Amino acid sequence: MTSEYKKYHSSTRMKQERALRNKNRRKAVRGGIVRKGDGKAIDHKDGNPRNNARKNLRVVSAKVNRKKQ
């Protein structure tokens, strides 16, 4: 791993965004929407990782979610 990569992922902003993604995933697991290892991802419809309104979140396959980026 390069030092630039390590620095990027350890930044405060990236840690906060990762925590929000994990929080949304845990909520979906508890709600029975997704399961561990099901190959699904929680997608932000508008592409903004900080907009965690329920109407902005949807479940898609991990492949579809990666293509969006």
Side-chain angles (χ1 to χ4, degrees):
M1 242 189 275
T2 66
S3 63
E4 293 171 10
Y5 183 84
K6 286 180 186 177
K7 185 176 179 181
Y8 173 79
H9 287 288
S10 66
S11 70
T12 302
R13 180 174 160 239
M14 289 300 109
K15 286 180 181 179
Q16 289 172 343
E17 288 184 7
R18 185 170 52 249
L20 288 173
R21 286 192 305 271
N22 292 339
K23 181 180 177 182
N24 289 327
R25 178 71 187 194
R26 284 191 307 269
K27 279 184 179 180
V29 169
R30 282 193 303 264
I33 298 168
V34 295
R35 292 188 323 256
K36 184 176 179 180
D38 64 1
K40 302 291 183 184
I42 307 300
D43 179 42
H44 292 85
K45 293 177 187 176
D46 66 0
N48 179 2
R50 297 207 180 253
N51 181 1
N52 292 304
R54 179 167 259 176
K55 67 181 181 176
N56 186 47
L57 301 175
R58 65 180 175 182
V59 176
V60 296
S61 71
K63 184 177 181 180
V64 168
N65 198 37
R66 300 304 182 268
K67 276 186 171 182
K68 259 183 74 170
Q69 299 173 1

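The analysis underlying the following values was restricted to heavy atoms, covering all of them including side chains, and did not include hydrogens, waters or symmetry mates. Keep in mind that what you see is a predicted model, and the values were worked out from it rather than measured.
Judged as a salt bridge (charged side-chain N to carboxylate O under 4.0 Å, His left out), and not counting sequence neighbours, the contacts of Arg13 are Glu17.
Hydrophobic clustering (ILVMFWY, side-chain heavy atoms < 4.5 Å, transitive): Leu57 and Val64 are in distinct clusters. Leu20 and Met14 are assigned to two separate hydrophobic clusters, defined by single-linkage of ILVMFWY side chains at heavy-atom distances under 4.5 Å.
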Pair up each side-chain donor or acceptor in residues 30-39 with any protein partner under 3.5 Å, not counting sequence neighbours, and list the distances.
{"unit_1": "Asp38", "atom_1": "OD1", "unit_2": "Arg25", "atom_2": "NH2", "d": "3.3"}
{"unit_1": "Asp38", "atom_1": "OD1", "unit_2": "Lys40", "atom_2": "N", "d": "2.9"}
{"unit_1": "Asp38", "atom_1": "OD2", "unit_2": "Arg35", "atom_2": "N", "d": "2.8"}

Show every donor-acceptor pair shorter than 3.5 Å between a side-chain atom in residues 41-50 and any protein atom, with sequence neighbours excluded, or say none if there are none.
{"unit_1": "Asp43", "atom_1": "OD1", "unit_2": "Lys68", "atom_2": "NZ", "d": "3.0"}
{"unit_1": "Asp43", "atom_1": "OD2", "unit_2": "Arg58", "atom_2": "NE", "d": "2.7"}
{"unit_1": "Asp43", "atom_1": "OD2", "unit_2": "Arg58", "atom_2": "NH2", "d": "2.8"}
{"unit_1": "Asp43", "atom_1": "OD2", "unit_2": "Lys68", "atom_2": "NZ", "d": "3.3"}
{"unit_1": "His44", "atom_1": "NE2", "unit_2": "Asn52", "atom_2": "OD1", "d": "2.9"}
{"unit_1": "Lys45", "atom_1": "NZ", "unit_2": "Lys55", "atom_2": "O", "d": "3.1"}
{"unit_1": "Asp46", "atom_1": "OD1", "unit_2": "Asn48", "atom_2": "N", "d": "2.9"}
{"unit_1": "Asp46", "atom_1": "OD1", "unit_2": "Asn56", "atom_2": "ND2", "d": "3.0"}
{"unit_1": "Asp46", "atom_1": "OD2", "unit_2": "Asn51", "atom_2": "ND2", "d": "2.7"}
{"unit_1": "Asn48", "atom_1": "OD1", "unit_2": "Arg50", "atom_2": "N", "d": "3.0"}
{"unit_1": "Arg50", "atom_1": "NH2", "unit_2": "Gln16", "atom_2": "OE1", "d": "3.4"}

